[in-house]
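In the text below, chain A, chain B and the rest are named by the order of the sequence lines, each starting its count at 1.
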Protein chains: 2
Amino acid sequence: MPKVTKLKATQNVAPKRDVTEDKSDETKPTVTIVDKTQTKKRKASASPVKKAKKALLTNEDDNAENAEGASTNVKQPAAMTLQTSERVSCKGEKSTLKLASWNINGIRAWITNGGSKYIEKEQPDIICFQELKCDKDKIPIEATPAGYKSYWLSGDQAGYSGVGLLTKVEPIDVKFGIGVAEHDTEGRVITAEYDKFYLVVTYIPNSGRKLVRLSYRQQFNRVFHTYLKELEKKKPVIWCGDLNVSHQSIDLTNPKTNTKTAGFTKEERDDFSKILADGFIDSFRYLYPDKRDAYTYWAYFRNARQRNIGWRLDYFILSSSLQETICDSLIQNGVYGSDHCPIVLLLAI
Amino acid sequence: MPKVTKLKATQNVAPKRDVTEDKSDETKPTVTIVDKTQTKKRKASASPVKKAKKALLTNEDDNAENAEGASTNVKQPAAMTLQTSERVSCKGEKSTLKLASWNINGIRAWITNGGSKYIEKEQPDIICFQELKCDKDKIPIEATPAGYKSYWLSGDQAGYSGVGLLTKVEPIDVKFGIGVAEHDTEGRVITAEYDKFYLVVTYIPNSGRKLVRLSYRQQFNRVFHTYLKELEKKKPVIWCGDLNVSHQSIDLTNPKTNTKTAGFTKEERDDFSKILADGFIDSFRYLYPDKRDAYTYWAYFRNARQRNIGWRLDYFILSSSLQETICDSLIQNGVYGSDHCPIVLLLAI
DNA sequence: CCTGTCATG
DNA sequence: CATGTCAGG
């Protein structure tokens, strides 16, 4: 654990850092990424079918005259700089703890897409993953860079769900699941206990097409709410991950047409509101109450990411008692490797 | 139907044409293929994952220093000439009918792989396909070049089996299946009646891993044998396709280790022998009784095609009465687009 | 290894 | 439009 600095109480002024400017070159430091995916020793192989169905426009042929072509939804664009956050000054001192969270949509694909390079550049103290889609015994070593301890939880169903956590500092304790058998088969929750807080990484159940799992989701929400409050009796809680809900209209591009879509139903939003009303802070919205167009997820279809048709589904939610420690809450929408982008929380704690 | 020339009886001399030399440049005519797969208007797309898992070595990067890399098992190698057969002189006159047969292992992939270009170059009068793996309503138009009529039969199970036939000359009649309900659900047989013969295109059931379907295969063989003999009462028969059996040891690279493998069991070989003994000719083996290393199928794994570790599974089998019309029987092992290569039968009929 | 499918998002 | 899975070969 990085040095913990107890903060003097100061007024709640949101840092001037603007998340939607993250893609500008002003955000420093930036690191130019050289894609080594293709040079990695990998068996030469055959069929161009899937390839033809997919990327015409990858790093390799970026020079081609595909000016009109859509740029990739997944891979770090060529000659682009990989966003990293600096340990911004926060109320007069540097933040001491950097947390990241990322729904990586398949850890193997994410590695192939170069997503794991992000960790080495960003150097978060802790990073949380959702949607491993991989049995924990099959997780490639590349997923755990030097200096991190890793904790993985996969669901019973192969290739479905799964969460993980990389941490530079050894936690006091790590628990898998929430201790309720019927909600612990899908690999959705890891709780890591640190000195000053619990970190709860979650992949909250998606309500599904036609909301087929909405009622299950509501059950889960209820039980999970209780779980968080139990933890909080002992220590402040940092709850993060893909919460599969956009809280308010400002949190997605098309609120009006999505009131019956998983992720923006009244039920999901209300459940989320209830938790927030019960002593938790949505760190990003707390710092940037009016910030529009700040999304963490874009559908793969119809060039949604290019057009920034997205949803804010990924959060760092903190016990109110941690309010004073919040330095910044970032959405790194210029980082590729999944249909979600990573989010970062900077704390002075 | 091309002009039908009745042949004078002559002695059975196999033409000097050597199938294993087909990849040499001596085989003419050849046509240099320019790959247009990549220029086809196709939506620009995203993920390099499947791509990375697959071709490092495709036409585009053939110039790269991948000298050691395996060349593709599927796609026409860059700057290679696509084999075509000439209408070889046959007993003093040109052959009048060119038939082709190809297990294309998924007609959509085959098109993407450039397989359909073969037809326009080769210009067979009739071409038979096996393993469409595609509902007949979803078969792309590109599968039927100008000048051909097409007939498709798909199995009940989506993405499984299926056979087809393109023909320049309209058949007198076309029948789907063999008229035995229990054997007509998998899209395995089309019978096209022409003036001088029946053409029967088949995808004979694979006996499966661990021979789980061997007994079904034997049933099918029995019923199908009867079917052929029934047809023959009316007209000579040309039976072609993927017969899923290598007849003798000479017909596969590793006969010794494959006696319990689907395609080279005693049961399959004996059934095939029985049909041949019942008045049919294996055109290729008839012309080239000692020709080794002549295969029509190579497993996708372990660079089997490059190393020519293969099986002869595709045949033109003719009623003995057609013996005198056989001009040549070719295995076009330099033509790519599937794990099988096309075969060609040239007749003077 | 490569083709399809299917469920999930 | 991606990620997985699985059967089939």
Side-chain angles (χ1 to χ4, degrees), chain A residues 43-50 53-55 70 72-75 103-110 112-113 130-135 138 154-155 157-162 186 203 205-209 212-213 242 244 261-263 297-305 311 313 337-340, chain B residues 43-50 53-55 70 72-75 103-110 112-113 130-135 138 154-155 157-162 186 203 205-209 212-213 242 244 261-263 297-305 311 313 337-340:
Chain A
K43 264 217 120 171
S45 170
S47 170
V49 172
K50 302 269 173 77
K53 283 183 185 166
K54 303 181 180 201
T72 174
N73 250 338
V74 169
K75 201 170 185 178
N103 177 320
I104 55 181
N105 191 30
I107 195 164
R108 286 163 293 189
W110 172 77
T112 309
N113 288 333
Q130 303 86 45
E131 285 212 86
L132 306 178
K133 293 185 165 190
C134 184
D135 191 274
K138 295 180 188 163
S154 33
Q157 191 182 335
Y160 180 65
S161 186
E186 298 188 328
Y203 174 49
N206 188 301
S207 296
R209 284 219 170 88
V212 285
R213 284 200 97 195
D242 177 355
N244 258 320
T261 309
Y297 161 82
W298 305 262
Y300 274 126
F301 3 77
R302 277 177 257 149
N303 286 317
R305 189 158 184 175
W311 300 58
L313 298 179
S338 161
D339 50 356
H340 293 244
Chain B
K43 264 217 120 171
S45 169
S47 171
V49 171
K50 302 269 173 76
K53 283 184 186 165
K54 303 182 178 201
T72 173
N73 251 338
V74 168
K75 202 172 184 177
N103 177 320
I104 55 181
N105 190 31
I107 195 163
R108 285 162 294 189
W110 171 78
T112 308
N113 288 333
Q130 302 86 46
E131 284 210 86
L132 306 178
K133 292 184 164 190
C134 184
D135 193 274
K138 295 180 189 164
S154 34
Q157 191 182 335
Y160 180 64
S161 186
E186 299 188 327
Y203 174 49
N206 188 300
S207 296
R209 284 218 170 89
V212 285
R213 284 200 98 196
D242 177 355
N244 258 320
T261 310
Y297 162 81
W298 305 263
Y300 273 126
F301 4 78
R302 276 176 256 150
N303 286 318
R305 189 160 184 174
W311 302 57
L313 297 178
S338 160
D339 50 356
H340 293 243

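With D:dT5, D:dG9, D:dT3 as the choices, the nucleotide that has an atom nearest any side-chain atom of B:F301 turns out to be D:dG9. The B:K133 side chain lies nearest to D:dG8 when the options are C:dG9, D:dG8, C:dT5. With distances taken from any side-chain atom of B:A158 to the nucleotides D:dG4, C:dG9, C:dT5, the minimum falls on C:dT5. Relative to the side chain of B:R108, the nucleotides C:dT5, C:dG9, D:dT3 differ in distance, and C:dT5 lies closest.
Distances shown here put every side-chain N or O of B:R213 at or beyond 4.0 Å from the OP1 or OP2 atom of D:dA7. Neither OP1 nor OP2 of D:dT3 sits under 4.0 Å from any side-chain N or O of A:Y160. Phosphate contact (OP1/OP2 of C:dT8, side-chain N/O of A:N105, threshold under 4.0 Å): absent. Residue A:R302 has no polar side-chain atom (N or O) positioned under 4.0 Å from OP1 or OP2 of D:dA2.
Looking at B:R209, its side chain comes within 3.5 Å of the base of D:dG9 through a donor and an acceptor atom.
Atom OH of A:Y203 is separated from atom P of C:dT8 by 11 Å (rounded to the nearest Å). Rounded to whole Å, atom P of D:dG9 lies 11 Å from atom NE2 of B:H340. In this entry the distance linking CD of B:Q130 with C1' of C:dT3 reads 15 Å, nearest Å. Separating the CZ atom of A:R305 from the P atom of D:dT3 is a distance of 14 Å, rounded to the nearest angstrom. At whole-Å resolution of the value, CG in A:N206 and P in D:dA2 are 19 Å apart. Nucleotide D:dA2 holds its P atom 10 Å from the CG atom of A:N113, rounded to whole Å. Between the C1' atom of C:dG4 and the OH atom of B:Y300 lies a distance of 11 Å, rounded to the nearest Å. Computed from coordinates, the A:L132 CG to C:dG9 P distance equals 15 Å when rounded to whole Å.
Contact annotation for A:Q157: no contact, since no heavy-atom pair falls under 4.0 Å across all strands. Contact annotation for B:Y297: no contact, since no heavy-atom pair falls under 4.0 Å across all strands.
Between the side chains of B:Y297 and B:N244, no donor-acceptor pair of N or O atoms lies under 3.5 Å.
Shortest non-hydrogen contact noted between A:E186 and A:R213 is OE2-NH2, 2.9 Å. Pairing each heavy atom of B:S161 with each of B:Y203, the nearest pair is OG-CD2, 3.2 Å. Considering all non-hydrogen atoms of both residues, A:N103 and A:E131 come closest at ND2-OE2, 3.1 Å. Closest of all the heavy-atom pairs between A:H340 and A:W298 is C-CZ3, 4.3 Å.
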